[in-house]
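I'd like to ask some things about the structure below.
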Amino acid sequence: MLQQTQVVTVLRYYPAFLQKFPTIQELARASPSSVLARWAGMGYYSRARNLHRAARIILNRYGGEFPQRYEDLRSLPGIGRYTAGAILSIAFGQRYPVVDGNVERVLARVMALRGDVKAAPYQKYLWSLAGQLTSRRSPSDFNQGMMELGALVCLPRQPQCGLCPVKSMCRARHLNLESRIPKPRRTKTAQYLHRLAAVVRDGRNRVLLVQRRDEELMRDFWEFPQFDVPARGDPGRDGRDSSAFLGRSLHKRFGREFTISHPLCRFQQNITFRRITVQAFEAQLNGEVGRLQCDRMPCRWITARALKDHLFDSTSLKILSNLQNR
DNA sequence: AACACGGGGAT
DNA sequence: ATCCCAGTGTT
């Protein structure tokens with residue numbers, strides 16, 4: 001969970017997850033979607049799929065006993081160099097280094113590395129350095145201490161050098177370069193998207209959902225039918241053109257006519273480099289509700305009670321919470 | 001080596 | 001608005 005996710009965020013998910021899946025055995029026996037359900041909202045969903053696969057491998061290949069050899073750990077899905085080192089040092093007391101974003105920053109400053117520390121030669125050097133520095137007496141304390149130093153003192157923007165236990169050996173500080181090292185990552189230019197979602201009601205307290213089945217991204221997640229508005233000739237922000245586009249899109253996907261009634265909510269969603277403006281409309285299906293079909297993806301009418309049995313991505317969760325606040 | 005992956009915290 | 005987060009897998 002902690003891969004690229006801040007501790008404070010993980011804390012909102014970890015306790016419930018561990019309560020639901022207290023052991024490797026129980027995690028391995030669970031269904032993929034029930035694991036994903038506990039992960040929903042946290043992002044990087046391949047982590048959840050990998051964790052689940054790893055649990056099954058540990059059960060089947062290692063008899064449910066957690067492997068304690070580096071190569072065995074690395075062969076598990078989702079366990080890379082960092083996680084293998086973290087598990088072996090923290091859980092099993094073995095002397096393996098870790099280099100996460102925090103350690104990388106601490107070492108880059110202590111050694112005043114002016115280049116792009118993400119580049120392979122620097123990474124190689126940092127791992128080697130961390131390997132030499134790692135305490136023999138307590139690899140766990142050392143590794144956690146390095147990460148904690150980066151997270152609490154050696155901050156990315158405003159390093160608190162006055163509080164730092166190693167300030168006297170920090171070359172970046174001696175050179176007054178502590179705020180310029182490491183070099184900021186070049187940011188991918190943002191891509192702006194406008195996305196329309198339909199909350200289609202059937203008049204019997206049900207809403208229409210579709211499932212992302214064949215998509216590579218967010219597979220198995222349920223969502224309100226949604227469509228990206230093409231950038232060219234942007235239909236714009238006023239509800240009229242948007243609702244027309246949404247109506248046409250629904251018609252294309254389901255082969256039926258819909259009536260778009262009124263806008264429900266509008267919010268911003270940031271996914272990696274994309275900045276998505278999501279606007280949800282309420283809509284009705286014209287004619288008989290019964291046999292709605294879509295060749296592209298599974299679709300389903302859902303009652304409010306059945307919502308919790310479905311896996312939602314963050315966008316649909318936001319629309320849902322907006323609906324329930326009414 | 002570069003990129004995609006999600007969502008949110010902090011400045 | 002920007003940078004980053006207890007990284008990994010794929011191309």
For nucleotides dG6(B) and dC3(C), find the distance between their C1' atoms and express it as a whole number of Å.
16 Å
Which residue, L2(A) or R53(A), contacts DNA chain C at a nucleotide closer to its 5' end, judged by nearest heavy atom?
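That would be L2(A).
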Basic-acidic side-chain contact under 4.0 Å: K118(A), E104(A):
yes
Length of the CD1-C1' vector between I276(A) and dG7(B), whole Å:
11 Å
In whole angstroms, how far is the P atom of dT10(C) from the CG atom of L217(A)?
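Roughly 15 Å, once rounded to whole Å.
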Please work out which of the three classes, parallel, tilted or perpendicular, describes the rings of F17(A) and W39(A), given edges at 30° and 60°.
perpendicular
Determine the interplanar angle of the W222(A) and H310(A) rings, folded into 0 to 90°, and report it as parallel if under 30°, tilted if 30 to 60°, perpendicular if over 60°.
perpendicular
Nearest-neighbour nucleotide for the Y44(A) side chain, dG6(B), dG9(B), dC4(C) considered:
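Closest of the options to the side chain of Y44(A): dG6(B).
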R47(A) side chain, from C-beta outward: closest of dG7(C), dG6(B), dA1(C)
dG6(B)
Quick one: L152(A) CG to dG9(B) P, roughly how many Å, whole number?
17 Å
To the nearest angstrom, how far is Q6(A) atom CD from dG7(C) atom P?
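About 10 Å, once rounded to whole Å.
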Value in whole Å for how far the P atom of dG8(B) lies from OH of Y14(A):
22 Å
What I want to find out is whether R213(A) reaches D220(A) closely enough, with some N-O distance under 4.0 Å, to be called a salt bridge.
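Salt bridge: yes.
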How close or far is atom P of dC4(C) from atom NZ of K183(A), stated in whole angstroms?
12 Å
